[in-house]
Number of protein chains: 2
Amino acid sequence: MAKDRKIDLVILGLLFHEDLTGYDIKKRIDGGISFFWKGSFGSIYPALADMEKSGYVEKRGVQTKGRREKILYHITDKGIDALKEWLNVEQAANDLKYETMLKLYFGGAQDKGTALKNIRYFEDQVKSDLAVLRVYQENLKKVMDQKDHIYYYLTVTFGIDTYEAYLKWCGRAKKILGGMEE
Amino acid sequence: MAKDRKIDLVILGLLFHEDLTGYDIKKRIDGGISFFWKGSFGSIYPALADMEKSGYVEKRGVQTKGRREKILYHITDKGIDALKEWLNVEQAANDLKYETMLKLYFGGAQDKGTALKNIRYFEDQVKSDLAVLRVYQENLKKVMDQKDHIYYYLTVTFGIDTYEAYLKWCGRAKKILGGMEE
DNA sequence: CCGCAGATATATCGTTTTGATATATCTATT
DNA sequence: AATAGATATATCAAAACGATATATCTGCGG
């Protein structure tokens, strides 16, 4: 792989299953993988253009039924090799940025109520995200026997497990802060 | 706050407790808050220069004992206001990027062994990070009565809780993948 | 006491990513 | 027929990363 862009691997991974437009790719990223990865048009389109030039993907059926242009991308053998190479490298950067924790850490600069408010906001966020994941999980149980779905199932389970741990922590944090004299 | 830079708030939050050099700030970020926030020199130094110009921080005691320059930064009232304003806003972006989950999600492109290898690598990472956090927690228990430490304690607890959830998931994921026919 | 490795300290640069915006077409609804 | 919302591509300024350059200070072994 020439460049050191993570978005390239995300795109290749998605294209491995099916041909997609840039817009489709964005939808996939905002869908079932959004709780562990993000990506914007500003990185997707340039990456597609670059990878097309260097032969990792190719344009397929620039469909112009009617008038509107729509560019479907297809992964090449070179692209598949790059994807597999990345999967084989025993290394992974897991970058977490919890603004909630940052605010809590600096909590001493404000009153206890502010800290509690931020924890409650976090709790609400987590609860709604968790509800979405549980729906994914229910839908998956019906097709669990299909070979490829096991990997999707594992990531969804990961999300649910961590979100449940967050909620438990929220409960305890509220108790500790609540039972603390100002 | 003029610009929309998160690093500004991190710096202000750290400077609220004590005057620091850019290098000190980097050390603090790499220390007890590294598991929920990151920051590089490439963002710290430009942010300090900007914030000094706009009056959020000021240079203190450009110590030149001997010869070597060392710039200590001090938070101003304007800086404290900006920090408190941020803490009061009921909003927080928690951005998670787990390359491990990404690889697992695309696992269908490779064999089961590769997926297992990546889970084991993740497990090792988590175990060593968890050990560090437990040491932090032990040290904190001794000073838990001190008012400001409660916030630090809560963030450390959050890290431990989530890492423990990760480990439980790793165990189950290995079982599920292990008991799966290729 | 000299050498030298490693920590301290500031700073910059190219690359990647974000988040917002612009533009235009297609589709379903009222 | 109007129009709101989804589809689709693309670009740009701003933010952050990660690597590198430079230089000094400190402690340790030979």
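By convention in this document, chain letters (A, B, ...) are assigned in the order of the sequence lines, proteins followed by strands, and residues within each chain are numbered from 1.
- Checked against C:dA9, D:dA15, D:dA16, the side chain of B:Asp24 finds its nearest nucleotide in C:dA9.
- Counting to the nearest Å, the C1' atom of C:dT16 and the CG atom of A:Asp8 are 10 Å from each other.
- Heavy atoms of A:Lys3 sit under 4.0 angstrom from primed sugar atoms or phosphate atoms, though from no base atom.
- Protein atom CG of B:Leu72 is 9 Å distant from nucleotide atom P of C:dA9, rounded to whole Å.
- Put simply, CD1 on B:Ile7 is 7 Å from P on D:dA16, counting in whole angstrom units.
- Summarising the geometry, the separation between NZ on B:Lys70 and C1' on D:dA23 is reported as 15 Å, rounded to the nearest angstrom.
- In the set D:dT9, C:dT18, D:dC17, the nucleotide with an atom closest to the side chain of A:Ser40 is C:dT18.
- For A:Arg5, taking side-chain heavy atoms from C-beta onward, the closest of the listed nucleotides C:dA9, D:dA15, C:dT17 is C:dT17.
- Judged by the 6.0 Å and 45° rule, B:Lys97 forms no cation-pi pair with A:Phe36.
- For A:Ile71, counting side-chain heavy atoms from C-beta on, the closest listed nucleotide (C:dT18, C:dT10, D:dA10) is D:dA10.
- A sub-4.0 Å separation between OP1 or OP2 of D:dC17 and a side-chain N or O of A:Lys97 is present.
- D:dA13 atom P lies 18 Å from atom CG of B:Asp50, rounded to whole Å.
- Remark: A:Tyr23 is in phosphate contact with D:dT7, judged by side-chain N or O atoms under 4.0 Å from OP1 or OP2.
- At the heavy-atom level, A:Thr21 lies under 4.0 Å from the strands shown only through sugar-phosphate atoms.
- Using a 4.0 Å cut-off between charged side-chain N and carboxylate O, A:Lys3 and A:Asp50 make a salt bridge.
- Note that CZ of B:Phe35 and CZ of B:Phe158 are 8.0 Å apart. Values are rounded to the nearest 0.5 Å.
- What separates CD1 of B:Ile25 from C1' of C:dA11 is a distance of 14 Å, to the nearest Å.
- Regarding A:Ile44, its CD1 atom lies at a distance of 11 Å from the P atom of C:dT17, rounded to whole Å.
- Contacts of A:Lys38 with the nucleic acid, taken as non-hydrogen atoms under 4.0 Å apart, involve only primed sugar atoms and P, OP1 or OP2.
- For B:Tyr45, the side-chain atoms get nearest to C:dA11 when compared with the rest of C:dT16, C:dA11, D:dT9.
- Residue contacts for B:Gly42: at a heavy-atom cut-off of 4.0 Å it reaches a base atom on one of the strands shown.
- Between A:Phe106 and B:Tyr151, the ring centre distance reaches or exceeds 6.0 Å.
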(message) Run B:Trp86 and A:Glu99 through side-chain hydrogen bond (donor to acceptor under 3.5 Å, both in side chains) and show every step you take.
(response) CA-CA 11 Å; B:Trp86 169 67; A:Glu99 196 175 347; 2.7 Å; yes
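- For B:Phe41 and D:dG18, the CZ to P distance is 13 Å, given to the nearest whole Å.
- Distances shorter than 4.0 Å separate none of the side-chain N or O atoms of B:Ser43 from OP1 or OP2 on D:dA16.
- Looking at which nucleotide of DNA chain C each of B:Ala93 and B:Lys27 is closest to, the 5′-most match is held by B:Lys27.
- Clustering ILVMFWY residues whenever any of their side-chain heavy atoms sit less than 4.5 angstrom apart, transitively, puts B:Phe122 in a cluster other than the one holding A:Val89.
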